[in-house]
Amino acid sequence: MTLDLDTPHGLARVDLHAADGATAALVLGHGAGGGIGAPDLQAAARAATKLGVTVALVEQPYRVAGRRSQPPAAQLDVAWLAVIEQLRAGSLRSARLIAGGRSAGARVACRTAADADAVAVLCLAFPVHPPGKADDPAKSRLPELDAVGVPVLVVQGESDPFGMPPDGRRRKVVRVSGNHSLRATAAVEDAVAAWLPRVIR
């Protein structure tokens with residue numbers, strides 16, 4: 001089912017895969033340069049669907065409008081939260097929500113986890129720092145990951161030029177072959193399938 005939802009920054013689009021009797025939902029956002037058809041997002045969606053979890057793949061308003069350039073983080077966050085609020089009022093009412101995404105979408109999910117009342121966060125190819133900027137603390141996005149107060153799974157390519165986050169107290173990092181594109185989809189699906197049951201109980 002496809003839903004077009006209004007946000008303060010334009011129309012967002014949601015590809016919703018509702019599971020009968022689901023008590024949990026995985027809501028996923030795309031990266032800056034790609035859409036919801038990214039292989040790793042689709043692998044995560046398959047893993048969730050097989051476990052009876054509803055999946056919502058969210059396309060940000062700028063992508064729906066045909067723009068390639070990503071807007072500022074604050075706009076992404078506001079649009080994302082507007083989508084989640086509407087989903088919670090309808091299809092995802094009473095579901096335990098796992099927020100997530102790939103790359104820039106993972107950053108959005110981390111920054112908004114508390115406001116979204118997420119019970120966990122799934123990060124695919126989290127961009128720890130811009131390529132070549134590992135030694136510049138001012139460029140690190142690790143504080144966004146560290147600020148998440150619920151369990152986090154990060155699935156990261158071993159040769160990702162955007163860096164490798166460390167494990168944390170509530171954070172599990174699964175390293176798979178490949179780079180930022182995370183095309184090792186079987187490994188991504190396996191990692192998500194192993195983690196999800198622990199956070200939706």
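As the structure is a computational prediction, the values presented were derived from the model and not from experiment. The analysis underlying the following values was restricted to heavy atoms, covering all of them including side chains, and did not include hydrogens, waters or symmetry mates.
One N or O on the side chain of T54 and one on the backbone of A19 form a donor-acceptor pair closer than 3.5 Å. Of the possible donor and acceptor atoms, none in the side chain of R102 sits under 3.5 Å from a partner among the backbone N and O of P39. Not one N or O on the side chain of N179 forms a donor-acceptor pair closer than 3.5 Å with the backbone of S159. R93 places a side-chain N or O within 3.5 Å of a backbone atom of A89 that can act as its donor or acceptor partner. Panel note: side chain R170, backbone V152; no donor-acceptor pair is recorded below 3.5 Å. Looking at Q60, its side chain never comes within 3.5 Å of a backbone N or O of G105 through a donor-acceptor pair. Not one N or O on the side chain of R141 forms a donor-acceptor pair closer than 3.5 Å with the backbone of A104. Under a 3.5 Å cut-off, the side chain of R171 and the backbone N or O of P166 do form a donor-acceptor pair.
Cluster membership for V148 and W195, using ILVMFWY side-chain heavy atoms within less than 4.5 angstrom, is not shared. In the hydrophobic clustering of ILVMFWY residues, with side-chain heavy atoms under 4.5 Å counting as a link, L142 and F162 come out apart. I84 is connected to V108 through a chain of hydrophobic side-chain contacts under 4.5 Å among Ile, Leu, Val, Met, Phe, Trp and Tyr, so both are in one cluster.
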Margin query: Go through it in stages, so that I can follow the logic: the residues are V121 and I98, the test is side-chain contact (heavy atoms from CB on, under 4.5 Å), and I'd like the CA-CA distance, side-chain angles, deciding distance and then a yes or no.
Written below: CA-CA 6 Å; V121 173; I98 302 98; 6.0 Å; no
task: Before giving the answer on side-chain contact (heavy atoms from CB on, under 4.5 Å), spell out for V78 and H9 the whole-Å C-alpha distance, their side-chain angles and the decisive distance to 0.1 Å.
output: CA-CA 8 Å; V78 167; H9 299 293; 3.9 Å; yes
Taking it one step at a time, do L87 and L5 satisfy side-chain contact (heavy atoms from CB on, under 4.5 Å)? CA-CA 9 Å; L87 290 174; L5 302 178; 4.3 Å; yes
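In the displayed structure, R183 atom CZ is contacted under 6.0 Å by at most 12 heavy atoms of other residues, nucleotides or ligands.
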